[in-house]
Number of protein chains: 2
Amino acid sequence: MREHKPDKSEISIVDIAEALNVSAATVSRALNDNPRISEATRKRVKDKAEELGYRHNSMASSLRNKRSNIIGMIVPRISMYFHAIFITALQNRLQEEGYSLMVCQSNDSESIEQKLAATLYSSRVDALVVSLALYTEDYKHFDGFTKQGIPLIFYDRVPTKTYAAHIIKGDDYRGGLLAGNHLIETGCSKIAYISGPLSCSIYKERTEGFQHALDKAKIKLERKWCFYQELTAENAWNSLRQIFVGKERPDGIFASNDTTALAAVEFAREQGIKIPDELKIVGYSNDPRASIISPPITTIDQHPVEMANRVAQKLLNLLKDKSLRAINDTREIVPVTLVRRMTT
Amino acid sequence: MREHKPDKSEISIVDIAEALNVSAATVSRALNDNPRISEATRKRVKDKAEELGYRHNSMASSLRNKRSNIIGMIVPRISMYFHAIFITALQNRLQEEGYSLMVCQSNDSESIEQKLAATLYSSRVDALVVSLALYTEDYKHFDGFTKQGIPLIFYDRVPTKTYAAHIIKGDDYRGGLLAGNHLIETGCSKIAYISGPLSCSIYKERTEGFQHALDKAKIKLERKWCFYQELTAENAWNSLRQIFVGKERPDGIFASNDTTALAAVEFAREQGIKIPDELKIVGYSNDPRASIISPPITTIDQHPVEMANRVAQKLLNLLKDKSLRAINDTREIVPVTLVRRMTT
DNA sequence: TTGTATGCGTTATCAC
DNA sequence: GTGATAACGCATACAA
């Protein structure tokens with residue numbers, strides 16, 4: 001028996017039903033625009049709902065429907081330009097379809113990534129979109145999603161080993177190749193390379209493409225001029241100091257992100273090294289900062305919006321048609337573009 | 001009667017209970033580390049849960065508890081440096097306490113902001129954190145939160161009119177004052193001003209502080225050198241062209257964000273105007289781009305991390321102690337700092 | 001320390 | 001076109 005609760009402020013469909021002398025089922029149907037309900041009742045219900053200040057309870061609804069309409073997302077950091085743009089584009093698209101994005105940051109820590117995966121897993125997200133942390137080489141923490149048939153999509157930084165999931169990534173091999181070819185074509189022969197760790201797919205593939213370009217031109221990549229590390233400005237400066245310590249100096253640098261390319265330009269400025277005459281630089285990502293510094297930096301554009309659109313499309317297909325989930329290891333490659341500026 | 005479902009893959013506490021010959025209540029308690037349960041049972045339950053691949057269902061839990069452990073958030077754009085840093089700091093703190101952040105972007109559109117507020121409202125977020133869109137001057141879409149006793153906190157871009165909500169904001173008045181004083185002290189007397197629209201609290205207050213500085217020095221702000229508009233690079237260029245169209249030129253510019261200050265530096269470079277000799281520039285926000293351009297830009301730091309920490313603290317207090325919700329119109333001001341660089 | 005019973009708010013199924 | 005009912009999974013009050 002329902003007791004009288006004078007302070008009961010939350011209105012449920014039952015309250016509306018009572019007020020209108022109809023059943024809760026009818027109210028639910030009317031509110032959901034179910035076609036089997038008369039126009040008149042629909043209106044009566046909606047008006048009364050408005051009047052009573054009813055708000056839909058998506059927890060109850062989700063529990064009943066077994067879907068939360070929430071898409072989980074794990075990214076390294078939202079402050080990275082590429083990811084910020086990607087997230088925005090994805091969010092705009094998903095919002096149109098009634099989904100919300102729950103964006104979490106791993107801060108490039110594998111252990112945080114694991115915790116977030118667990119949390120999102122029990123939060124019952126309808127799908128998970130991930131760009132991996134820098135050193136994640138084991139993907140067990142995502143197994144549950146696939147086992148439960150929850151769509152799992154990796155973008156940009158994707159598994160380097162075989163793993164049952166959808167993958168949508170940039171053409172990093174080509175990016176590395178373009179960068180290498182471009183440096184060579186503009187006359188470089190002694191090239192330094194500052195890369196991210198090879199545990200991370202994007203750096204691994206950029207390295208392969210870059211290496212291929214050098215091999216073709218029979219240019220050797222000097223061991224002492226190669227770095228594989230987290231691409232912070234500070235690390236970049238340390239590497240640059242090491243690279244320019246001796247008499248023999250490179251005439252080109254491929255930096256695997258723009259933060260590092262930026263540091264290289266600043267380093268050269270400090271050292272009085274002329275760009276592009278004495279030193280050419282190519283970065284990666286087309287971060288806005290790359291076009292602001294003097295000289296503006298030649299870089300590789302990854303087309304984050306297009307990548308987001310492809311992820312959105314894949315996601316929506318998977319969400320709408322469960323039968324598509326039988327296949328869970330598709331792979332798409334998004335083209336990259338070299339943007340030439342004044343450092344080459 | 002429970003039917004046999006061969007493909008039933010989701011394990012509930014009932015399944016664990018049956019497997020262990022205990023009640024569901026016991027399982028629930030064991031899983032939640034309820035002290036009134038024996039160590040032995042707790043372990044048995046947890047082991048079995050692990051074995052069966054049980055995952056907690058937060059929808060059911062939320063429905064029952066009437067709390068979602070989700071904090072809603074509406075920001076203009078996550079690609080703005082200030083907001084990206086703020087969000088990250090807030091998220092890190094809230095995660096420690098078991099809350100998730102649902103970050104939504106208004107894209108500076110009031111109508112999107114309204115929709116997001118409605119969605120988050122029926123998503124049953126436990127609290128809402130908002131930085132307003134550029135032209136939002138009516139706050140009705142947030143009324144529901146306060147009515148339901150859901151903590152509502154505005155940060156940075158806050159209501160300009162009296163509104164029952166918690167406010168944590170930067171000292172924009174002081175920021176404007178500092179910028180004005182600094183330009184005057186470094187010798188400017190003919191000052192141009194490119195501001196955001198005055199519908200937005202931050203620009204309104206920066207304008208007041210700036211105006212106060214000029215008044216004190218008996219410097220008049222020329223009508224034709226004042227702009228109040230969305231602070232995009234494109235708008236900035238248009239304004240700059242208008243400002244520098246005639247013979248009489250300003251010797252100082254206060255740009256109310258760094259995007260605009262950046263444009264001013266580039267404009268000056270294009271026009272051959274010497275900075276800081278012929279023209280001094282002060283920006284706002286301490287965006288990383290401001291320190292990268294040549295010459296690096298003098299700007300105002302808003303201390304996003306400190307602001308986020310204060311919001312987190314306020315939020316957690318409100319969440320933990322419902323009695324605090326009696327007061328819903330507190331106000332905190334976070335100090336700002338002038339960062340002097342080479343444009344002044 | 002554990003079990004029983006109940007309800008959170010919604011919606012699908014079946015009946016009329 | 002509408003109603004009655006059950007069930008989603010969990011956690012609490014109350015009993016034992």
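A, B, ... follow the sequence lines: proteins, then strands. Residue 1 opens every chain. Predicted, not measured: the structure shown is a model, and the values here were computed from it.
Atom CD1 in A:Ile16 sits roughly 15 Å away from atom P in D:dT2 (whole-Å rounding). Per the geometry, OH belonging to A:Tyr54 stands 10 Å off P belonging to C:dG9, to the nearest Å. Residue B:Arg67 contributes atom CZ, which lies 13 Å from atom C1' of D:dC10 at whole-angstrom precision. Rounded to whole Å, atom P of D:dG1 lies 18 Å from atom CG of A:Leu31. Atom P of nucleotide C:dT6 and atom CG of B:Leu63 are separated by 18 Å, given to the nearest angstrom. Computed from coordinates, the A:Leu20 CG to D:dG3 C1' distance equals 14 Å when rounded to whole Å. Distance, A:Asp33 CG to C:dT10 P: 16 Å, rounded to whole Å. One atom, CD1 of B:Ile13, and another, C1' of D:dT12, lie 11 Å apart when rounded to the nearest Å.
With hydrogens and angles left out, the side-chain atoms of A:Tyr163 and A:Asp143 include a donor and acceptor closer than 3.5 Å. Residues B:Ser100 and B:Gln95 bring no donor and acceptor atom of their side chains to less than 3.5 Å of each other. With hydrogens and angles left out, the side-chain atoms of B:Asn107 and B:Ser109 include no donor and acceptor closer than 3.5 Å. Using modelled atom types, one finds no donor on one side chain facing an acceptor on the other under 3.5 Å when comparing A:Tyr155 with A:His166. Using modelled atom types and a 3.5 Å distance limit, the side chains of B:Thr160 and B:Tyr139 yield a donor-acceptor pair. Checked by atom type, the side-chain pair A:Thr88/B:Gln105 shows a donor-acceptor distance below 3.5 Å. For the residue pair B:Arg55 and B:Asn57, no side-chain donor N or O sits within less than 3.5 Å of a side-chain acceptor on the partner.
For CD of A:Glu96, the number of neighbouring non-hydrogen atoms (other residues, nucleotides, ligands) closer than 6.0 Å is greater than 12. Applying the 6.0 Å contact sphere to NZ of A:Lys140 captures no more than 12 heavy atoms from other residues, nucleotides or ligands. Annotation: B:Lys115, atom NZ; neighbour count of heavy atoms from other residues, nucleotides and ligands within 6.0 Å does not exceed 12.
Closest approach to the A:Asn65 side chain among D:dA11, C:dA12, D:dG9 is made by C:dA12 (side chain taken as heavy atoms from C-beta onward).
Of the two residues near DNA chain D, B:Asn57 and B:Asn34, the one whose nearest nucleotide lies more 5' is B:Asn57. Along DNA chain C, the nucleotide closest to B:Arg124 and the one closest to B:Ile37 are compared, and the more 5′ of them pairs with B:Ile37. Remark on DNA chain C: of its neighbouring residues A:Ala24 and B:Ala60, the 5'-side contact belongs to B:Ala60, judged by nearest-heavy-atom nucleotide.
In this pair, B:Phe142 and B:Phe145 present their aromatic rings tilted. The plane angle is within the 30 to 60° band.
No salt bridge links A:Lys46 with A:Glu50; every basic N to acidic carboxylate O contact stays at or beyond 4.0 Å.
Between C:dT2 and B:Thr26, no contact under 4.0 Å exists linking OP1 or OP2 to a side-chain N or O. Regarding contacts with the backbone of C:dT11, a side-chain N or O of A:Ser61 is found under 4.0 angstrom from either OP1 or OP2. OP1 and OP2 of D:dG9 both lie 4.0 Å or more from every side-chain N or O belonging to B:Ser28. Contact between the side-chain N/O atoms of A:Ser62 and the OP1/OP2 oxygens of C:dT10 is not found at any separation under 4.0 Å. In this model, the phosphate group of C:dG9 is approached by a side-chain N or O of B:Lys66 to a distance below 4.0 Å at OP1 or OP2. Listed pair B:Asn32 / D:dA11 meets the phosphate criterion, a side-chain N or O lying under 4.0 Å from OP1 or OP2. Applying the 4.0 Å criterion to OP1 and OP2 of C:dG3, one finds that B:Ser23 has a side-chain N or O inside that range.
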So which protein N/O to nucleotides 13-16 of chain C N/O distances come out below 3.5 Å?
unit_1	atom_1	unit_2	atom_2	d
C:dT13	O4	A:Arg29	NH1	3.4

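Listed by residue number, there are no residues of residues 41-52 of chain B with a heavy-atom contact under 4.0 Å to DNA chain D.
In the helix from C:dT1-D:dA16 to C:dC16-D:dG1, the end axes, each obtained as the rotation axis mapping the C1' atoms of four pairs onto the next four within a five-pair block, lie 30° apart to the nearest 10 degrees.
Tested against A:Val27 for a side chain to side chain contact (heavy atoms under 4.5 Å, CB included), the candidates A:Ile37, A:Val22, A:Thr41 yield a single pass: A:Val22.
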